[in-house]
Amino acid sequence: MDAWTMLTQGFASALTPVNLLFALIGCIAGTLVGVLPGLGPTAAIAMLLPLTTMLPPAPAIIMMAAIYYGAMYGGSTTAILVNIPGEASSVPTAIDGYQLNQQGRGGPALGISAITSFVAGTIGVVGLTFFAPLLSQVALAFGPPEYFALAFLGLSLIISLSGRALVKGILAAAFGLLTAMIGLDPLTGVARLTFGQPLLMAGIEFVPIIMGLFAISEVLLNVESSVRGILTDKKIQWLPSLQDLKETWGAMLRSGFLGFFMGLIPGCSPAVTSFMAYDLERRLSKHPERFGKGAMDAVAAVEGANNATASGGFVPLFSFGIPSGPALAVLLGGFMMYGLQPGPRLMTEQPQLLWTIIASMYIGNVMLLVLNLPLVGMWARMALIPFPILGPLIVAFTFIGAYSLRFQMLDIWIVLLFGVIGYLMRKFGFPVAPMVLAAVLAKMLETSLMQSLVISQGSALIFFTRPISVVFMLVALFFIARGIWLQVRTPENVALEESDV
Amino acid sequence: MLKTLRGSDTASGIFLIVVGAITLAASMTIAEGAGGRLHPRTLPVAIGTLLVIGGAWLIVYARSRQYRDKEIDWPNRAGWRNWGVALVMMTLYATLMPVLGFILTTFIFVVAFIGYFGKFKFWIALAWGFGTVAFIYLLFIRLLQMEFPAGVFTF
């Protein structure tokens, strides 16, 4: 049977009241999980996994999948409203979304974020429906050299994220990489830079670093200037205008496709994709100078990439049983609890279940849009809460988010430390985004480098002899060379073309 | 006091050189692992070196003639006081959390912060404190079954 017929049958099953109910529960829980900083979909699915055992497989997996892609919808909320990116993938959203909120455009930014999430999520599910077996071959072509080249390409974005302050951006990135080096070596297990402290053996998570750099430093900046509120003007625009939609539709589609293709690669986190989408949009934008100061297309690009990456991740999961990230690994555990093994055999042995889940994702996306758009007005009004009230809530929820990662006080202290570092970085003109990007990419970069060198017996030529990795490496080298050339040749023009973030 | 970016770049450069030097020194004590083609210290050494060189470059460039200096937007005296009070409050919040428990310290922190910075009536700060801990307790502790430091009062 062809995909259309199977999908129609899947819809018939997904539209039963029980499956609809659990899709709705998953969407609500996912949105909540996304809104709460630090509490990611992985933890939420893991917590709910034992509770789902009393359900038949279809509603249970529908609910867990909905939590996963629902969390992507909610992730932008705190980033836009209070400058708390709960996950690394929301960092570029916070950069421009919070600026928009300060300009009284938090509502439209949230609206664009919800609409983009819907568009990109749907692009991802359409790709999953019609091209899964074909595209899954791409995922299998990725080995350590390709991952290294991808991480290197990601790092090359530091050049453009640094804008005017290239050297400062590179140094901030080096500092971010340094934080990721603390702990055990990923290949040999040797302790590095722990200074004999057992607590540091497990390394430093990048989420508390991000929370400190953005949320705590924002609180410090606001109290020093006695800010009464993020927004004092009571006139708030709630929904995006037609002009906003017109300006962002291109970014929605581009980031949707980019995110989907990147999502096919197991291990490629939405954080990498969202930074890539942000950079791509800035390069294509007619107004690159707006980026970092409140660009609506930046919010659309990042949220589109985020959501499409989440949907794209289902392709290798369903086709080969390869989870793209921790949340999908827990979801894979959910399949296994029911004696199901995602992969080619699932497609032939349990096609009804598989297509029911895929159909439910179309329905879930619509549910999330309907759920999230009316909430925009309520969230946008948060900007009117006086800052002396909002401030301690930001701190408390940031601490909860950081603590809930590993249940260690160390993570709270890291939040505080990086809050002060973030404050000083902003005062001293160091861009924050390169540090975050480097901290996020460091593990992938180092692990894949070491594995590649083991494969090639120490030869770095391996990165230039495989088709996918050589393309990534050449693009990365081009970006680096272009960035340096622009800096050296005409620094003033660079400043105009690329603002620092 | 670092009034301009020239001063802050010099200070940042010194800081980065120190961090880079410490990284290099600590990297020398990293043991060799089995099975890898790269010594586990390779990347830390590379990053330490980059920090030292980059830090030095920052200092040299900040002292050069072509450097375009700019004033740093520091807060005024009252702003510094607020900044310090907020940081002390957050530090005390984190310090007292394992002792008094998450719920109690959150309550004290929220009430103190709103009371000091908001200049609201005391009962408003108190109400926000109660509301916040009630929300946190119901959502995170009861519903999501998350465990936070309980402190000596074990709640």
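Predicted model, so just to flag it, every value in this text is computed and none were measured. Just so we're on the same page: letters track the sequence lines, and every chain starts at 1.
- Residues B:Phe113 and A:Val219 have side chains in contact (heavy-atom distance under 4.5 Å, counting atoms from C-beta outward).
- In this structure, A:Phe397 and B:Phe135 have side chains that are in contact, with non-hydrogen atoms separated by less than 4.5 Å.
- Only the backbone of B:Glu32 comes within contact range of chain A, judged by heavy atoms closer than 4.5 Å.
- Counting heavy-atom pairs closer than 4.5 Å to chain A, the top residue among B:Ala86, B:Ala78, B:Pro44 is B:Pro44.
- The two atoms that bring A:Glu224 and B:Trp83 nearest to each other are OE1-CD1, 4.0 Å, heavy atoms only.
- Of the two parts of B:Phe15, only the side chain, counted from C-beta on, holds a non-hydrogen atom closer than 4.5 Å to a non-hydrogen atom of chain A.
- The backbone N or O of B:Asp73 lies less than 3.5 Å from a partner atom in the side chain of A:Lys427, making a donor-acceptor pair.
- Using a 4.5 Å cut-off between heavy atoms, A:Leu393 touches chain B through its side chain atoms alone.
- Per-residue counts of heavy-atom pairs under 4.5 Å with chain A were compared for B:Thr95, B:Leu50, B:Thr42; the largest is that of B:Thr95.
- Residues A:Phe195 and B:Thr29 fail the side-chain proximity criterion, which asks for heavy atoms closer than 4.5 Å.
- For B:Phe120, the CZ atom counts as densely surrounded, since its 6.0 Å shell holds more than 12 non-hydrogen atoms of other residues, nucleotides or ligands.
- B:Phe148 has its side chain within reach of A:Ile400: a pair of non-hydrogen atoms, C-beta onward, lies under 4.5 Å apart.
- The number of heavy atoms from other shown groups lying within 6.0 Å of NZ (B:Lys121) does not exceed 12.
- There is no contact between A:Leu221 and chain B, counting heavy-atom distances below 4.5 Å.
- Closest approach of B:Ala94 and A:Met409 over heavy atoms only: O-CE, 3.2 Å.
- Taken from CG in A:Leu178 to OG1 in B:Thr23, the straight-line distance is 4.5 Å, to the nearest 0.5 Å.
- For chain A, no part of B:Met89 is nearby; none of its heavy atoms comes within less than 4.5 Å.
- The most heavy-atom pairs under 4.5 Å with chain B, out of A:Met450, A:Arg192, A:Gln451, come from A:Arg192.
- For the pair B:Ile114/A:Pro392, a side-chain contact is recorded, criterion being any heavy-atom separation below 4.5 Å from C-beta on.
- Using a 4.5 Å cut-off between heavy atoms, B:Leu16 contacts chain A through its side chain alone, with no backbone atom that close.
- Residues A:Val395 and B:Tyr93 are in side-chain contact: their nearest non-hydrogen atoms beyond the backbone lie under 4.5 Å apart.
- For the pair A:Lys168/B:Asp9, a side-chain contact is recorded, criterion being any heavy-atom separation below 4.5 Å from C-beta on.
- Most heavy-atom pairs under 4.5 Å with chain A, from the set B:Gly79, B:Ala26, B:Pro40, B:Gly7: that is B:Pro40.
- The two residues A:Leu193 and B:Ser27 come nearest to each other via the heavy atoms CD2-OG, 4.0 Å.
- Proximity to chain B (any heavy atom under 4.5 Å) is shown, for A:Ala174, by both the backbone and the side chain.
- The contact between B:Thr91 and chain A is made by backbone and side chain atoms together, counting heavy-atom distances below 4.5 Å.
- Applying the ring pair (Phe, Tyr, Trp, His ring centres under 6.0 Å) rule to A:Phe407 yields the partners A:Tyr403; only residues at least two apart in sequence or on another chain are considered.
- For the pair A:Phe399 and B:Met97, the tightest heavy-atom approach, listed with the atom from each and the gap, is CD2-CE, 3.9 Å.
- Salt-bridge formation is not detected for the pair A:Asp185/B:Arg41: no Lys NZ or Arg NE/NH1/NH2 atom is positioned less than 4.0 Å from an Asp or Glu carboxylate oxygen.
- The OG atom of B:Ser8 sits 7.0 Å away from the CZ atom of A:Phe430 when rounded to the nearest 0.5 Å.
- By the 4.5 Å heavy-atom criterion applied to side chains, A:Val190 and B:Ile30 are counted as neighbours.
- Relative ring orientation between B:Trp74 and A:Phe428 is described as perpendicular, the plane-to-plane angle rising above 60° on a 0-90° scale split at 30° and 60°.
- Note: A:Leu416 leads A:Thr194, A:Leu449, A:Leu416, A:Ile412 in heavy-atom pairs under 4.5 Å with chain B.
- Contact of B:Val19 with chain A is made through the side chain alone, with heavy-atom distances under 4.5 Å.
- The CD1 atom of A:Ile216 sits 9.5 Å away from the CG atom of B:Leu87 when rounded to the nearest 0.5 Å.
- Side chain of B:Asn82 to main chain of A:Val223: a donor-acceptor pair is present (N/O by atom type, distance under 3.5 Å, no hydrogens or angles).
- Among all heavy-atom pairs drawn from B:Leu51 and A:Phe175, the shortest one is CD2-N, 4.3 Å.
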